[in-house]
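What follows is a set of notes on a single structure, which appears directly below.
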Amino acid sequence: MRRSQLFLPTLKETPTEAQIVSHRLMLRAGMVRQTSAGIYAWLPMGYRVLKKIEQIVREEQDRSGAQEVLMPTIQSADLWRASGRYDDYGKEMLRIKDRHERDMLFGPTNEEMITEIFKAYVKSYRELPKNLYHIQWKFRDEVRPRFGVMRGREFLMKDAYSFDLDYAASKHAYNKMFVAYLKTYDRMGLKAIPMRADTGPIGGDLSHEFIILADTGESQVFCHKDYIDFDIANQAIDFDDVAGVQKIVERWTSLYAATDEKHDTAEFEKIPAERRVSARGIEVGHIFHFGTKYSDPLGAKVAGPNGEPVTVLMGSYGIGVSRLVGGIIEASHDDNGIIWPESVAPWGVGVVNLKVGDAECDKVAGDLYEKLEKAGREPLYDDRDERPGSKFADMDLIGLPWQIAIGPRGIKSGVVELKNRKTGEKQELSPEAALKRLTA
RNA sequence: CGGGGUGUAGCGCAGUCUGGUAGCGCAUCUGCUUUGGGAGCAGAGGGUCGGAGGUUCGAAUCCUCUCACCCCGACCA
């Protein structure tokens, strides 16, 4: 993409309404525009990042055996009356009437709808297990939206729903999601720590929040320091291996980790003092086993092995996709701007032509741009006739992992400058060597 | 939903107390000079001062109502 063609309205000054760093940077980098409180339009760069995150989530869901569907944003109130939640949900639910005065709503979640769909088709235990997910916009009419996309009213969420015949199977479904989540966050360059969450009236140990550590996080969290060094990156997972998956879950739940609501000071203090981590965190996912809470009132039953009706056990598994855009920035930025992990960066490399119009610079920069494009590195070529300083500042702001600066000074001695956004490390090397470094 | 605050050019703000030609910086456009970390000079364009009523010869400014947005708290992916 050529910067001169791109719709990327970056700002030098920070709009006052933005209080936290990710919100400020998202506005300054021209990623989103607020259209109402807690509702955002996604501009090209923001949307590219959103789609990359979404795609990683999708791939890891698919890998774990879940199947993607797409359910509507608008739902009928009748469904929610059947589960009893229409009245319970309160003012957070955006209620709408259609032209026939029928009660509708903009879905805040989809348990009722997926259960209804499941129930309509699945009649036998032989068809289990099933895990269906979708990635769709939700609306919760928060009293007080804030923190930009981190807590908007409209937000993109991946929600998966598992259906199983008995508790053991249901637990395996839960464990698979647990592991898929670890993989998902890891691929985004995030260290997400599963923390025990409130299980409500169901009880048991099957609910976890996935928290990433960031200084500006919304809640206080406590955990054992060893979690920081836990690694899932290069582990091949066999999701059909019940014991193997269970083992991974056990490892990741073996140490203390809790948000302030569930914090137990006595337990925490059993950890050696130098291994205690008390930090701020952002919730980026929540998985929950809720048994028959919805299948029972909605009558989701299958025929069991002996022909008897069995109410299925369910779980639901959410990832805040749009929230992650803000979350990643909170976890990865500096004074100059965003620092994108490679996997979610809107473009892979920034090619900065420091003197547009200079024949040599144009040639070398244009050539590098084309080759990087061909190599699939998704370069962003800053071919604007701007001053070098403002191009560097802009490039740092939008946070692409790599920058190549091509200027007359370097060209004279046959070199360009390759800069790593994260480390700030710069080195001069020939255009060919730079290309090789980035495409190896 | 309680408490507090702000609405003036795309962004950041002054002007409001004490009514009298709507301003500044950045951004934008033109020209010249500049060109390796957000340039300099000269010129230009851009506003129903959030909206509706009212007071007044005259309202960004005073009064009433209203809408939007932000912050703290309670609540939440």
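Reminder, nothing fancy here: chain letters follow the sequence lines and each chain counts from 1. All heavy atoms count here, side chains included; hydrogens, waters and symmetry mates do not.
- As rounded to whole Å, 11 Å separates atom C1' of B:G36 from atom NZ of A:Lys391.
- Here the C1' atom of nucleotide B:G37 and the CG atom of A:Asn353 are 16 Å apart, to the nearest Å.
- Figure legend. B:A52 is base-paired to B:U64; pairs are counted as Watson-Crick or G-U wobble with both atom distances under 3.5 Å.
- For B:C11 and B:U28, the C1' atoms lie 12 Å apart once the distance is rounded to whole Å.
- Nucleotide B:C11 is matched to B:G25 when pairs are restricted to Watson-Crick or G-U wobble geometry with both distances under 3.5 angstrom.
- B:G38 atom P lies 17 Å from atom CD1 of A:Ile398, rounded to whole Å.
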Inset, instruction - Report the C-alpha separation of A:Arg48 and A:Trp347 in whole Å, then their side-chain angles, then the decisive distance to 0.1 Å, and conclude whether the side chain to side chain contact (heavy atoms under 4.5 Å, CB included) test is met. - result: CA-CA 8 Å; A:Arg48 283 178 76 96; A:Trp347 293 276; 3.3 Å; yes
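- Ring pair A:Tyr294/A:Phe290 is perpendicular by interplanar angle, where above 60° counts as perpendicular and below 30° as parallel.
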Inset, instruction - Classify every nucleotide of nucleotides 71-77 of chain B by which part a protein heavy atom approaches to under 4.0 Å, writing B for the base, S for the sugar-phosphate alone and - for neither, in 5'-to-3' order. - result: BBBBBBB
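- Across all strands, A:Gly407 comes closer than 4.0 Å to base atoms (heavy-atom distances).
- Between the C1' atoms of B:G50 and B:U16, the separation comes to 16 Å (whole Å).
- Between the C1' atom of B:C24 and the CD atom of A:Glu13 lies a distance of 12 Å, rounded to the nearest Å.
- B:U6 and B:C17 are spaced 15 Å apart, taking the P atom of each and rounding to whole Å.
- Between B:C1 and B:U66, the two P atoms lie 14 Å apart (nearest whole Å).
- Taking a pair to require two hydrogen-bonding distances under 3.5 Å in either a Watson-Crick or a G-U wobble arrangement, B:C1 pairs with B:G73.
- Applying the salt bridge (charged side-chain N to carboxylate O under 4.0 Å, His left out) criterion to A:Lys138, with sequence neighbours excluded, gives A:Asp159.
- Between the side chain of A:Tyr89 and the backbone N or O of A:Pro108 there is no donor-acceptor pair closer than 3.5 Å.
- Between the side chain of A:Glu112 and the backbone N or O of A:Ala77, no donor-acceptor pair lies under 3.5 Å.
- For A:Lys12, the listed nucleotide lying nearest its side chain is B:A27; candidates were B:G36, B:A27, B:U35.
- Using cut-offs of 30° and 60° for the angle between ring planes, the A:Tyr161 and A:His134 rings count as tilted.
- Note on A:Lys419: a base of the nucleic acid sits closer than 4.0 angstrom, heavy atoms only.
- When both distances must be under 3.5 Å, the Watson-Crick or G-U wobble mate of B:U30 is B:A42.
- Pairing for B:U16 is absent, judged as Watson-Crick or G-U wobble with the two contacts each under 3.5 Å.
- Distance alone, capped at 3.5 Å, is enough to place a donor-acceptor pair between the A:Arg153 side chain and the A:Ala37 backbone.
- Comparing the P positions of B:G51 and B:A59 gives an interatomic distance of 14 Å, to the nearest angstrom.
- Atom C1' of B:U8 sits at a distance of 9 Å from the matching atom of B:G15, rounded to the whole Å.
- Comparing B:G36, B:G38, B:G12 against the side chain of A:Asp394 picks out B:G38 as the nearest.
- Listed pair A:Lys91 / B:C1 meets the phosphate criterion, a side-chain N or O lying under 4.0 Å from OP1 or OP2.
- Rounded to whole Å, the distance from CG on A:Leu418 to C1' on B:G36 is 16 Å.
- Two residues, A:Arg33 and A:Arg28, neighbour RNA chain B, and the one matched to the more 5' nucleotide by heavy-atom proximity is A:Arg33.
- If you take CD of A:Gln427 and C1' of B:G36, they are 17 Å apart, rounded to a whole angstrom.
- Contacts of A:Thr109 with the nucleic acid, taken as non-hydrogen atoms under 4.0 Å apart, are absent.
- For B:C70, one of the phosphate oxygens OP1 or OP2 lies less than 4.0 angstrom from a side-chain nitrogen or oxygen of A:Gln34.
- The separation of B:A22 from B:A9, taken at their C1' atoms, amounts to 11 Å, rounded to a whole angstrom.
- Comparing the C1' positions of B:G20 and B:G12 gives an interatomic distance of 28 Å, to the nearest angstrom.
- Looking at which nucleotide of RNA chain B each of A:Ser36 and A:Glu386 is closest to, the 5′-most match is held by A:Glu386.
- Between the side chain of A:Tyr185 and the backbone N or O of A:Val284, at least one donor-acceptor pair lies under 3.5 Å.
- Ring centroids of A:Phe230 and A:Tyr227 are separated by less than 6.0 Å, placing the two rings close together.
- With rounding to whole Å, A:Asp362 atom CG is found 14 Å from B:U35 atom C1'.
- Side-chain N/O atoms of A:Thr16 include one lying less than 4.0 angstrom from OP1 or OP2 on B:G12.
- Taking the side chain of A:Glu417 as heavy atoms from C-beta on, and the options B:G37, B:C69, B:A39, the nearest nucleotide is B:G37.
- Distance A:Lys412 NZ to B:U35 P: 11 Å, rounded to the nearest Å.
- Qualifying salt bridge (charged side-chain N to carboxylate O under 4.0 Å, His left out) partners for A:Arg276, counting only residues two or more places apart in sequence or in other chains: none.
- The residue A:Lys426 sits close to a base: some heavy atom pair falls under 4.0 Å.
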